[in-house]
Amino acid sequence: MFEFLPSTGRMVIRFVHKVGAISCFLFSTLWNGIRPPYYGRQVLEQFLTIGFYSLPVVGLTAIFSGMVLALQSYTGFSRFSAESAIATVVVLSITRELGPVLAGLMVAGRVGSSMAAEIATMRVTEQIDALTTLSTNPLKMLVFPRILAGVLMLPLLVFIADIIGVFGGYLVCVYKLDFNSGNYIQSTIKYLEYDDVISGLIKAATFGFAISLMGCYHGYQSERGASGVGRATINAVVSSSVIILILNYVLTSVLFSK
Amino acid sequence: MTSAKSYIEVNSLHKAFGDKVILNDFNVQVHKSESFVVIGGSGTGKSVFIKCIMGLLKPDSGKISLNSHDITDLSPNDRQQIARFGMLFQGGALFDSLSVWENVAFGLMNGQNMGREEARKIALEKIDAVELSAKVADLYPAELSGGMQKRVALARAIATKPDIIFFDEPTTGLDPIVSGKINGLISKCVKELGATAITITHDMHSLRAIADRVGLLFEGKLIWTGTVSEMDTTDNPYVQQFINGNASGPFTVE
């Protein structure tokens with residue numbers, strides 16, 4: 001009992017310390033980032049890396065999730081002859097839940113890890129110090145563009161993933177389960193509301209923010225050597241994935257209660 | 001040595017990482033346009049001291065002044081308003097996503113908002129000044145040898161015409177011939193700029209090639225300072241051991 005208390009206390013202190021450090025990092029990035037000069041080229045580069053080059057992996061995840069969702073719903077709904085609800089179930093699950101969460105996790109693995117590794121390598125090889133000696137603020141040039149791109153590009157990615165996912169469901173229902181194509185499309189649209197899509201996109205922007213922040217923070221604080229870079233990458237991916245799953249619940253309960 | 005004459009003045013600087021004390025009551029005065037070289041064993045905090053001057057690290061206590069301004073609490077950018085810094089990092093620290101000329105012109109384009117055309121022209125001049133051919137300008141740092149990377153890094157450090165240049169072990173990891181070349185280029189570039197140079201090294205050849213004055217760092221403080229000729233005649237046992245490379249003496253190797 002008495003050994004348990006101090007170790008719990010230490011864990012809490014460490015957690016609070018980390019949250020504080022990340023907040024300071026974020027504040028200082030935003031404070032510097034909103035002032036000129038702006039690094040348009042870096043921002044554009046990040047838009048491409050996150051928004052464009054992640055499309056294949058996110059699209060692939062979305063189409064197979066949509067397909068499997070349709071198959072599984074069919075298994076359930078056909079038991080009480082409710083096959084007509086499948087289209088609605090697929091579109092709602094994808095826009096509200098699977099689109100943002102799966103895209104978020106895939107981007108955390110793909111982009112979060114590369115951000116952490118790249119910035120950590122720059123830290124370890126003193127390139128970040130070199131930026132400072134050349135009168136360039138590294139937070140402004142490296143971190144701010146990545147956070148901006150994360151917040152703006154993830155919703156776009158998720159929107160495309162939504163369309164591809166719904167299309168996956170359509171493919172399975174029409175070509176494998178012999179549904180009528182027109183009816184399927186009609187019932188997809190009929191019960192879909194703006195809020196369903198918007199709530200998914202709000203989630204996406206939050207997840208994008210978390211991925212970039214974790215990737216940049218852990219890279220920036222990396223310790224020396226190759227093992228430091230490795231640890232930074234692991235920390236970035238694990239922490240952003242966990243944050244995505246927790247935030248997903250929090251946001252769902254907030255958006256749901258409206 | 002009066003403080004009125006000194007350009008960079010560091011007073012009782014302390015810096016520790018966790019339990020490990022790196023700088024302990026560190027004092028130094030460097031005059032304008034001189035080349036000051038700090039020698040000392042590996043891992044004794046030589047680079048920590050220059051990073052404190054540039055503002056890359058924050059000292060735990062102590063005072064740093066530059067041209068009679070107290071800069072201890074200033075950000076790196078504000079320090080550069082007082083005197084422009086340039087630094088040659090140990091590993092070069094070239095940006096590997098940028099080509100050689102973009103590396104050299106980085107401070108001009110980003111720090112001084114110079115246009116690309118004009119910056120490229122100056123970059124090519126600097127590449128020529130470090131005796132590299134114009135052909136390397138469009139290569140990437142990874143395509144160059146270690147010695148060439150060092151020279152590009154030197155070109156980048158001098159491109160912004162700094163008032164103070166720091167050299168962090170400029171010859172580490174290079175063969176003697178390339179080292180000799182780098183030492184020659186450093187002396188030439190520093191003289192042409194009229195800059196103040198602070199170098200940290202444990203290469204005695206390098207020291208003799210570039211130093212006006214020398215300081216020996218031991219256990220977090222400078223235990224001896226003097227000119228190169230004083231260094232050769234002093235009977236200080238630490239200095240004697242260091243310049244002769246004796247295994248036995250007051251320095252203990254861990």
Side-chain angles (χ1 to χ4, degrees), chain A residues 10 14 17 21 24-25 27-29 31-33 35-46 48-49 53 114-115 117-146 149 219-226 228-229, chain B residues 17-18 43 47-48 50-57 75-81 83-98 102-114 116 119 141-142 149 152-153 155-162 164-169:
Chain A
R10 264 196 297 277
R14 217 177 305 143
H17 183 264
C24 289
F25 178 77
F27 180 76
S28 158
T29 301
W31 181 253
N32 285 298
R35 280 141 208 278
Y38 303 110
Y39 297 112
R41 206 176 131 192
Q42 273 71 19
V43 173
L44 223 68
E45 227 166 68
Q46 293 308 317
L48 270 183
T49 316
Y53 293 113
S114 86
M115 277 182 193
E118 191 181 350
I119 295 181
T121 307
M122 290 186 77
R123 160 68 70 201
V124 169
T125 56
E126 299 186 301
Q127 290 179 48
I128 290 183
D129 288 342
L131 279 177
T132 310
T133 64
L134 295 165
S135 313
T136 304
N137 186 319
L139 292 176
K140 208 184 183 83
M141 184 172 231
L142 297 175
V143 181
F144 186 73
R146 284 170 169 80
Y220 206 81
Q221 303 296 336
S222 166
E223 290 155 39
R224 299 267 136 191
V229 177
Chain B
F17 293 107
S47 24
V48 172
I50 54 177
K51 283 181 178 173
C52 285
I53 297 182
M54 279 190 295
L56 295 172
L57 286 173
S75 73
N77 246 332
D78 291 338
R79 293 175 197 219
Q80 301 246 23
Q81 309 298 323
R84 216 173 270 159
F85 294 145
M87 171 145 179
L88 176 61
F89 287 87
Q90 194 175 339
L94 295 172
F95 306 124
D96 30 40
S97 57
L98 299 179
E102 285 172 316
N103 262 289
V104 176
F106 192 93
L108 300 170
M109 292 195 293
N110 292 289
Q112 300 176 10
N113 297 319
M114 191 182 279
R116 275 178 86 81
Q149 287 185 7
V152 174
R156 183 176 71 180
I158 59 170
T160 51
K161 296 207 174 77
I164 306 169
I165 317 184
F166 299 92
F167 299 98
D168 186 356
E169 308 208 357

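Heavy atoms only: backbone and side chains are in, while hydrogens, waters and symmetry mates are out. Residue numbers begin at 1 in each chain, while the letters A, B, ... track the order of the sequences.
Taken to the nearest 0.5 Å, the CG atom of B:N110 stands 8.5 Å off from the CG atom of A:L134. For the atom pair CZ of B:F95 and CD1 of A:I128, the computed distance is 9.5 Å after rounding to the nearest 0.5 Å. Note that CG of B:D96 is 8.0 Å distant from OG1 of A:T121, once rounded to the nearest 0.5 Å. To the nearest 0.5 Å, atoms CE (A:M122) and OG (B:S97) are separated by 6.5 Å.
Between B:Q80 and A:T132, the shortest heavy-atom contact is NE2-O, 3.6 Å. Looking at every heavy atom in both residues, B:A93 comes nearest to A:A130 through O-CB, 3.9 Å. Nearest heavy-atom pair, B:K51 versus A:E126, reported as atom, atom and distance to 0.1 Å: NZ-OE2, 2.8 Å. The shortest non-hydrogen separation linking B:L94 to A:Q127 is O-CD, 3.2 Å.
Within 6.0 Å of the OH atom in A:Y53, the count of heavy atoms belonging to other residues, nucleotides or ligands does not exceed 12.
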Review point. Stepwise, does the side-chain contact (heavy atoms from CB on, under 4.5 Å) test hold for A:T133 with B:F166?
Key: CA-CA 10 Å; A:T133 64; B:F166 299 92; over 6 Å; no

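Contacts with chain B (heavy atom to heavy atom, under 4.5 Å) involve these residues of residues 136-143 of chain A, listed by number: A:T136, A:M141.
Residue B:F106 touches chain A through its side chain alone, counting heavy-atom pairs closer than 4.5 Å. Proximity to chain A involves both the backbone and the side chain of B:Q90, based on heavy atoms less than 4.5 angstrom apart.
Residues satisfying the salt bridge (Lys or Arg N to Asp or Glu O under 4.0 Å) test with B:D168, not counting sequence neighbours, are none. By the salt bridge (Lys or Arg N to Asp or Glu O under 4.0 Å) test, B:E169 pairs with B:K46, sequence neighbours left out. Residues meeting the side chain to side chain donor-acceptor pair (under 3.5 Å) test with A:Q221, sequence neighbours left out: none.
Side-chain contact between A:S135 and B:N77: present, with at least one pair of heavy atoms (C-beta onward) separated by less than 4.5 Å.
Contacts with chain A were tallied for B:R79, B:R156, B:M54; B:R156 has the most, counting heavy-atom pairs under 4.5 Å.
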